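To find a chain, count down the sequence lines: A is the first, B the second, and so on, and within it residues start at 1. The model shown is predicted, which means the values in this text are computed figures rather than measured ones.
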Amino acid sequence: KAGVTQTPRYLIKTRGQQVTLSCSPISGHRSVSWYQQTPGQGLQFLFEYFSETQRNKGNFPGRFSGRQFSNSRSEMNVSTLELGDSALYLCASRRDSGPTYEQYFGPGTRLTVT
Amino acid sequence: AQSVAQPEDQVNVAEGNPLTVKCTYSVSGNPYLFWYVQYPNRGLQFLLKYITGDNLVKGSYGFEAEFNKSQTSFHLKKPSALVSDSALYFCAVSVSGSGNTGKLIFGQGTTLQVKP
């Protein structure tokens, strides 16, 4: 079974621009979560989508948004990029959204904001 | 507040020796605990989880973890370390959200260095 895929793998953007990252979950997984990983803050939860609905949201500004499509694929968007948004963005999928289900992570998208 | 702590930034061990990577947690309600490993330029790989039942949980690649409720700990262990085990290890707790969902709260990570 194919794993979680994320595109693009690397991205360089300029401050003030916006960016869209894409995630395709493992086949049959209905829950997709997004995390931001930085050296200073570690791994932080952004949001989770299940059946096209946002179920959980982390403590990030409204510039960070996402959506999920009917085939469970998900996108996250960051508008008005800031230098501090430079990070590895990880997508994770799991079969269901209950707290006992393990999440499977993609390789991440490395975003650099200049 | 619910949190996870990994008290050691780095653990060094010789190949063939047993290894332990420590994790403590603070949650309200039932703790659902996970260990993940991250290799350079890769995403996180699931190793094992504790939901309920036996306090000793066995996972992938020969790893196991011991859940201790009284000490609120969930230490990762392996009887005999390999050089290829060198990586960044994360402990996480799944926190219940609205509608029986769960989000992961991660510790800061522990770098495991296994020397030949």
Side-chain angles (χ1 to χ4, degrees), chain A residues 2-7 9-10 21 23-26 29-51 53-60 66 68 87-110, chain B residues 1-7 9 23 25 27-53 57-60 63 65 67 74 87-111:
Chain A
V4 177
T5 58
Q6 293 186 244
T7 56
R9 291 292 310 278
Y10 302 91
L21 311 182
C23 171
S24 292
I26 291 172
H29 285 194
R30 299 189 295 167
S31 165
V32 174
S33 297
W34 289 88
Y35 293 83
Q36 181 196 64
Q37 185 177 21
T38 60
Q41 299 298 318
L43 279 155
Q44 293 186 287
F45 172 78
L46 279 156
F47 30 65
E48 178 187 15
Y49 286 86
F50 181 79
S51 294
T53 302
Q54 187 179 90
R55 301 295 294 273
N56 265 316
K57 192 177 191 311
N59 295 323
F60 279 82
Q68 186 181 34
L88 181 66
Y89 290 89
L90 293 164
C91 168
S93 76
R94 53 184 169 168
R95 187 161 54 89
D96 209 326
S97 67
T100 63
Y101 291 93
E102 63 270 22
Q103 298 186 24
Y104 293 88
F105 286 78
T109 293
R110 172 75 64 184
Chain B
Q2 307 188 77
S3 63
V4 176
Q6 295 178 239
D9 288 338
C23 171
Y25 65 90
V27 299
S28 54
N30 293 323
Y32 304 121
L33 298 158
F34 299 79
W35 274 102
Y36 286 85
V37 60
Q38 186 176 33
Y39 295 96
N41 300 315
R42 304 272 295 275
L44 278 66
Q45 294 181 29
F46 169 72
L47 283 177
L48 50 79
K49 67 180 179 181
Y50 172 81
I51 303 302
T52 187
V57 178
K58 293 189 183 297
S60 305
F63 285 94
F67 172 71
F74 188 55
L88 182 58
Y89 290 80
F90 289 97
C91 180
V93 62
S94 184
V95 177
S96 294
S98 61
N100 193 37
T101 62
K103 64 179 184 181
L104 288 174
I105 294 177
F106 286 90
Q108 68 269 37
T110 298
T111 298

Quiz prompt | Spacing of A:Q103 atom CD and B:K103 atom NZ [to the nearest 0.5 Å] | solution =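 Going from the CD atom of A:Q103 to the NZ atom of B:K103 covers 12.0 Å.
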Quiz item: Nearest 0.5 Å, what's the CZ-CD distance between B:F90 and A:Q37?
Solution: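 One finds 4.5 Å between CZ of B:F90 and CD of A:Q37.
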Does any heavy atom of chain B fall under 4.5 Å from the side chain of [X], the backbone, both, or neither of them?
{"X": "A:S33", "answer": "neither"}
{"X": "A:L43", "answer": "both"}
{"X": "A:Y101", "answer": "backbone"}

Quiz item: Within a reach of under 6.0 Å around CZ of B:R42, are more than 12 heavy atoms found that belong to other residues, nucleotides or ligands?
Solution: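 No, not enclosed.
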Quiz item: Which atom names give the shortest non-hydrogen contact between B:F34 and A:P99, and what distance separates them?
Solution: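 Here B:F34 and A:P99 meet closest at CZ-O, 3.8 Å.
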Please classify the contact of [X] with chain A as side chain, backbone, both or neither, using a heavy-atom distance under 4.5 Å.
{"X": "B:Y36", "answer": "side chain"}
{"X": "B:Q45", "answer": "neither"}
{"X": "B:L104", "answer": "both"}

